[in-house]
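This is the structure, below, for whatever I ask next.
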Amino acid sequence: MIEKLLKKKNLQEAFSKGLLKPGMNVLVDKPKKLVNNVEGMKQCLAGLRKDLPWVERLDLTNPPAEDVIFKAEGKAPTASKGDVNADDDFQREMFFYRQAQATVLEALPLLNKHGISTKRPDDYFAEMAKSDQHMQKIRKKLISKQLILEKSEKAKKLREQRKFGKKVQVEVIQKRQKEKKAMMTAVKKYQKGMTDKLDFLEGDKKTSKDSSQGPKKAVTKKGSNAKRKYKDQKFGFGGKKSGKKWNTKESYNDVSGFRAKVAHAKSGKGGKKGKGGGGGKQNKRPGKSVRKKMKSRS
């Protein structure tokens, strides 16, 4: 080994000085010399076989523990060491678990015999294998993963809500279009005199009070009379007008109050056309702003 290191060092120095050239060094396959050092192997084995007490070694070799539950139920016993299939993960891990149980059952009495405590005291604080900085990094990583999962779940819920909202919106629009179509059909039938019912005007606003009053009295006449009756019922009749501005035969033939100058708007002096003729006193109406001021004063 020392010779190899010296050769390697010499080669490095020669390479740094530029003494090595292509073709100077050729790799030669040298047959490996096998050495059967029996005395050296015996010395190593004797060093491993130190006759130490069990407390210093703490080694146990035992078969797996017997499954009490399987035995009580009358089932087949668990697999022994020779029957374990190494490719079967469950069977292999179960074998390790039963073997650890057997080791614990055998080791606890031995430890108690040698006065070695097997329970950790309440005020015992064991030093962690990893530092606090490393654990903080792990915690931050776990928190970031949790936040990412929460965001993805929230986004998924929002997408589902949007899909559901769009579905509800489409259903509402279709329902409105259907109601509108039914309303237009009923209005057309009513205008053509095919029906005298006006229930379609109330729609969904019908209350239980209206239903308790019983069916409304059907209108016997159709056409414009039925329409007029509905409007009278909704807006009222309004009462009879005074009729003061209506002409009669006597007022039409009475010309005693007729004045040509007023009728033709002729002035008394200059003969100019216009209201008042320019000769008499003109009755001028005040402007809009003046009228507003007069109203505010009153």
Side-chain angles (χ1 to χ4, degrees), residues 148-266 273-276 282-298:
I148 290 169
L149 288 173
E150 288 178 358
K151 286 182 180 178
S152 63
E153 289 292 331
K154 191 175 181 181
K156 188 177 179 181
K157 287 181 180 178
L158 285 173
R159 285 195 295 268
E160 290 177 357
Q161 288 176 0
R162 285 174 185 170
K163 288 180 181 179
F164 182 72
K166 285 182 180 179
K167 186 179 178 181
V168 172
Q169 188 178 6
V170 170
E171 289 178 357
V172 170
I173 291 171
Q174 289 177 352
K175 185 179 178 182
R176 287 178 182 174
Q177 289 177 351
K178 189 176 180 181
E179 290 177 355
K180 186 178 179 181
K181 188 176 180 181
M183 173 75 77
M184 295 302 295
T185 305
V187 169
K188 286 179 181 178
K189 287 183 179 180
Y190 181 77
Q191 288 176 348
K192 292 178 180 179
M194 297 171 66
T195 181
D196 54 356
K197 294 182 180 179
L198 300 170
D199 297 338
F200 62 89
L201 294 172
E202 296 180 7
D204 297 335
K205 295 181 181 179
K206 291 182 179 181
T207 58
S208 59
K209 185 178 178 181
D210 296 336
S211 60
S212 62
Q213 290 177 357
K216 293 184 179 180
K217 192 175 180 181
V219 182
T220 54
K221 295 185 179 180
K222 298 180 182 180
S224 60
N225 291 335
K227 203 171 183 180
R228 181 72 264 164
K229 283 188 176 182
Y230 170 72
K231 287 188 176 181
D232 290 343
Q233 184 182 358
K234 187 175 181 182
F235 302 107
F237 296 95
K240 188 179 179 182
K241 302 297 183 290
S242 60
K244 291 180 180 179
K245 296 183 179 180
W246 291 359
N247 283 331
T248 59
K249 188 176 181 181
E250 290 79 10
S251 63
Y252 177 76
N253 293 327
D254 186 12
V255 293
S256 59
F258 176 75
R259 294 180 183 178
K261 291 181 180 180
V262 176
H264 298 294
K266 290 182 179 180
K273 293 182 180 180
K275 293 182 180 179
Q282 294 181 357
N283 186 14
K284 289 185 178 181
R285 187 185 181 196
K288 189 174 182 181
S289 60
V290 178
R291 295 199 305 272
K292 283 184 178 181
K293 289 178 180 179
M294 291 170 68
K295 284 183 179 179
S296 62
R297 287 174 187 174
S298 61

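Nothing here was measured: the structure is a model prediction, and the numbers come from that model.
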| message | Using 0.5 Å steps for rounding, measure from the OG1 atom of Thr248 to the CG atom of Asp254. | response | 9.0 Å

| field | Rounded distance [0.5 Å steps], OG in Ser152 versus NZ in Lys157 | value |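 Here the interatomic distance stands at 10.5 Å.
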
| Nearest-0.5 Å distance that lies between atom NZ in Lys180 and atom CD in Gln177 | 8.0 Å

| said: Would you say that more than 12 heavy atoms from the other residues, nucleotides or ligands in this model lie under 6.0 Å from the CD of Glu150, or not? | reply: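 Correct, the count exceeds 12.
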
| Rounded to the nearest 0.5 Å, how far does NZ of Lys188 lie from CE of Met184? |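 Reported value, rounded in 0.5 Å steps: 5.5 Å.
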
| task | Give, for atom CD of Gln161 and atom NZ of Lys154, the distance between the pair rounded to the nearest 0.5 Å. | result |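 If I round to the nearest 0.5 Å, the distance is 10.5 Å.
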
| said: For a side-chain contact (heavy atoms from CB on, under 4.5 Å) check, start with the C-alpha distance between Lys163 and Lys166, then their side-chain angles and the critical distance, and finish with the verdict. | reply: CA-CA 5 Å; Lys163 288 180 181 179; Lys166 285 182 180 179; 5.9 Å; no

